[in-house]
Each structure stands twice: as structure tokens, then as C-alpha cells.
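Worksheet: one structure, shown below.
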Amino acid sequence: MIDDLIQLAKLTSLGLALMLPLANPLTSMTLLLSLGAQIPYKERERQVTQAAYYVVGIMLVTYYAGAWIMHTFGISIPGLRIAGGLIVVSIGFSMLFPPAEPRSLAAEAAADAKARDTPNIAFVPLALPGTAGPGTIAMIISGAASIDGAITPQYPTWVVAVTPIIVFALLGVLFWICLRSAGRIVAVIGQSGVEAISRVMGFLLVCMGVQFVINGVLEIVGKHVGG
């Protein structure tokens, strides 16, 4: 039993390491700071908690329904990996080289906020696409589709079944903590610190996206050579 728990911890750590650069709660934290002045404190705290539930829900639905969605729309695993890789690379480049005067989602939401007394930003943009964005969704679907052959033989069945729930729940908790502490985090590391972290995350995303594309191409080539 102790060995199984150790394996659970290892697999959970691996899942967090893979998902955290994509989920990147700092993106949603920046959005919240941009819109925070428009929303009363109590309402903002309520929406942060609501957004955390949305993030976990989106990830769970994506993980368990991803294969069905792919089958319904006739999407192959290599196609998903290549498309997801291109999306991740695009997101990474936008974080590495932000435009000089971006018309960001935060700016659009802020403009919309002026037209309403108390805007609800929990689902859009905080949860989607702030944290559970297209890159995160693509990676979850790709991972869920290939998890049986790559991981199941090495780990007990119950560990493989429980790990995604734990990983998504932990990401939701990290998301909630970051957004609840947004003001204090910026006060400690400064705006330049937030930008530096964003660029490091962007570099990691570019590397991961390129690897996604390479894996997808190699799988297509392997099938044609094998066939």
C-alpha cells in the first residue's frame, strides 16, 4: 500500500509538472488585477471561488469526454497532438514576445465591465481561456487518449484512475490561492517579476508545443512505414 501511495505521489507530481505551465494561473491573476477595481471585494472573492470550480469542472469534463468528442468529430490522436502543439506554441510565443499595445482579453473585458455594475468574470475570462484554455484542453485530451498504453502497465489501476482527479483538484486550489493572493503576489514580486515569470512559462510552452508536433508527425510516419 505504501508503494502504491508513493507511485500516486510520483504520478501526481508528473501531472502537475506537465499541466502547470499550460494552466498558468498567473494569466488569470493578471486578468483579475485588471478587472478588480470594477468589482466589489466580497463579490470578487465569490467569483474567484466560482472560477476555481469552473476550472476543475472544465478539466474533468475534458478528460472523461475527450475521447468521445474526438470520435464524434473524427479527430485522430496525431492530428490532435499536432493541432494542440501549434496552439501551445502560439500561446508560448505570445507570452515570450507580447505585442507593444495588445488588445488583450483583459482590456476587452474591462471595456465591457464599464457597461455593467457588477460583471461576472468567473467563467470568462478567468476560467476559460485564462487557465483552462485551448492548450490545456488539447493536452488533457491527448493525455487521456494515450494514458492506457503509456502509463497503465507501470502503475496500479486505481492510481491511474485517481491521479487525474487529484491533479485537477490541486490545480483548482493553486488557481484559487493565486487569485485570492493576487494583490499580495504583485506587491512582493512586482510587475516586472510577473512579466519575467510569464516569459519563462512561455519558453516552456514553446518547447512543449514543438514536442507535441514532433510526436504527432512521428506517429503518422510510423503508421505509414509500418503499414
* Asked: Going hydrophobic residue to hydrophobic residue with side-chain gaps under 4.5 angstrom, can you get from Val221 over to Val210?
  -> no
* Structure fact -> When every non-hydrogen atom of Met70 is compared with those of Ile141, the smallest separation belongs to SD-CG2, 3.1 Å
* Taking the side chain as every heavy atom from C-beta outward, state whether Thr136 and Thr62 have any pair of such atoms under 4.5 Å apart. => no
* Do you reckon Ile166 sits in the same ILVMFWY cluster as Tyr53, going by side-chain contacts under 4.5 Å, direct or chained? -> no
* To do: Grab the two heavy atoms, one from Phe175 and one from Pro25, that are nearest each other, plus how far apart they are.
  => CA-CB, 4.1 Å
* Asked: Is Glu43 paired with Arg46 through a side-chain N to carboxylate O contact shorter than 4.0 Å?
  -> yes
* Do Arg44 and Ile121 touch side chain to side chain, with heavy atoms closer than 4.5 Å? -> no
* Are Asn215 and Glu219 linked by a side-chain donor-acceptor pair shorter than 3.5 Å? -> no
* From CA spacing to verdict: side-chain contact (heavy atoms from CB on, under 4.5 Å), Leu32, Leu126 -> CA-CA 7 Å; Leu32 180 65; Leu126 293 185; 4.2 Å; yes
* Distance from Leu179 atom CG to Thr49 atom OG1, nearest 0.5 Å? -> 9.5 Å
* Asked: Quick check: does any side chain N or O of Ser181 sit under 3.5 Å from a backbone N or O of Arg184, one acting as donor and the other as acceptor?
  -> no
* So, for Val159 and Leu11, which heavy atoms are closest and what is the spacing to 0.1 Å? -> CG1-CD2, 4.0 Å
* Asked: Any side-chain heavy atom of Thr131 within less than 4.5 Å of one from Leu22?
  -> no
* Asked: Is the shortest heavy-atom distance from the side chain of Phe123 to the side chain of Leu128 under 4.5 Å?
  -> yes
* Does the side chain of Asp3 come within less than 4.5 Å of Pro156's, by heavy atoms? -> no
* **Co-membership, hydrophobic cluster, residues Val213 and Leu96, 4.5 Å side-chain** => no
* Sub-4.5 Å side-chain heavy-atom contact between Tyr64 and Ile165 -> yes
* Is any side-chain heavy atom of Thr163 less than 4.5 Å from a side-chain heavy atom of Val167? -> yes
* To do: Look only at the side chain of Gln50 and the backbone of Ala122, and say whether a donor-acceptor pair between them is shorter than 3.5 Å.
  => no
* Minimum heavy-atom distance Phe168-Leu60, with the two atoms named -> CD1-CD2, 3.6 Å
* Hydrophobic cluster identity match, Ile87 and Phe203, side-chain contacts under 4.5 Å -> no
